[in-house]
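No hydrogens, no waters, no symmetry mates; every other heavy atom, side chains included, goes into these values.
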Amino acid sequence: MHRLDGKVALVTGAGRSGGLGEAICLRLAAAGARIVVTDLGTGRALMEAGHIGTTEEMEGVAARVREAGSEALAVPLDVCDESQAEAAVQRTVEAFGRLDILVNNAGVLRDRMSFNMTEEEFDLVMKVHCKGHFAMCRHAAARWREAAKSGGSVYGRVINTASEAGLLGSAGNSNYAMAKAAIAALTISIAREMGKYGVTSNFMAPRARTRMTESMPNNSMFAKPESGFDVFHPQWPAQLVVFLASEQAADLNGQGFIVWGGEVDLVRGWHIVSKLETPGAGISAHDLIKRKDELFGDQPRQPTYM
């Protein structure tokens with residue numbers, strides 16, 4: 001069933017064969033959407049250093065979208081550059097007449113323990129994830145808001161790529177964890193700002209085998225099985241993207257999901273789990289020392305995993 005006929009999707013970080021971005025492009029195309037494939041589009045050396053796609057790979061993804069029966073345009077894009085982000089949105093509208101779906105998938109890794117991390121490693125990861133997601137959201141949101149203010153109908157979907165590292169914290173890549181936590185917060189902020197204009201904003205934390213997972217210390221867990229169900233194939237998170245992009249998900253805004261294989265988990269952010277009060281007076285350090293057990297009860301006092 002084609003649930004996205006006539007819609008146009010821009011997908012960042014989509015210029016690599018076999019990657020999550022390509023899987024998202026192909027699944028959206030199979031649902032009827034026209035696709036703008038974007039990536040940094042550089043030479044091989046930078047691709048290997050930054051886990052990004054070459055121009056040739058990006059064109060290859062666009063070609064496979066066309067082979068699947070949809071329209072596609074490949075656009076080189078540095079998501080960290082505000083002018084390029086704005087130009088990519090503009091080029092999408094010029095080519096297809098509209099923009100309905102923005103999938104922010106571009107990302108890099110520079111894993112290292114915090115006490116060994118360089119300033120350059122920290123800055124690059126924060127820039128690509130945080131500024132990159134924000135810049136694309138900003139210019140898509142501006143266009144959708146303008147359309148709504150002009151009295152037109154708006155079909156807007158923002159789908160951001162976060163990570164469980166950002167939801168739970170992660171040793172060995174604190175830069176990445178910080179950036180992905182920021183993406184979750186950005187997603188909810190965009191949801192609050194844009195919901196009244198007919199735009200939804202949601203995020204996913206995918207468990208999928210990609211070029212980025214190849215450099216992770218625990219990369220063996222993502223290995224493709226010799227036989228049987230491939231739980232970490234990128235097509236499974238891509239299916240969630242299709243759902244979130246559809247009309248059937250119009251009532252979902254500011255939501256987060258962990259997804260892989262045959263499982264989708266709905267997640268929630270920080271929330272109050274217990275409370276300590278001193279009616280009519282302020283809380284003192286002495287109060288906290290004396291009543292610590294009352295505040296924590298049976299709540300964990302060290303980092304935990306879901």
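- Distance alone, capped at 3.5 Å, is enough to place a donor-acceptor pair between the Ser201 side chain and the Thr187 backbone.
- Note on Asp293 versus Arg301: salt bridge recorded, some NZ/NE/NH1/NH2 to OD/OE distance being below 4.0 Å.
- Figure legend: Arg157 and Tyr155 shown as a cation-pi pair, the cationic atom lying under 6.0 angstrom from the six-membered ring centre and within 45 degrees of its axis.
- Between Arg207 and Glu263 there is no salt bridge, since no side-chain N of the basic residue sits under 4.0 Å from a carboxylate O of the acidic one.
- Taking each heavy atom of Cys130 and Ala179 in turn, the nearest pair found is SG-CA, 3.7 Å.
- Between Arg64 and Glu22 there is a salt bridge, since at least one side-chain N of the basic residue sits less than 4.0 Å from a carboxylate O of the acidic one.
- Using a 4.0 Å cut-off between a side-chain N of Lys or Arg and a carboxylate O of Asp or Glu, Lys7 and Asp5 do not qualify as a salt bridge.
- Residues Gln235 and Arg27 have side chains that bring a donor and an acceptor to within less than 3.5 angstrom of each other.
- Heavy-atom minimum distance, Ala85 versus Leu77: N-CD1, 3.8 Å.
- When side chains are defined from C-beta on, Phe96 counts as touching Leu73, because their heavy atoms get closer than 4.5 Å.
- Here the CD1-CG distance, from Ile190 to Asn160, works out to 8.0 Å after rounding to the nearest 0.5 Å.
- Remark: Arg112 engages Glu121 in a salt bridge, criterion side-chain N to carboxylate O under 4.0 Å.
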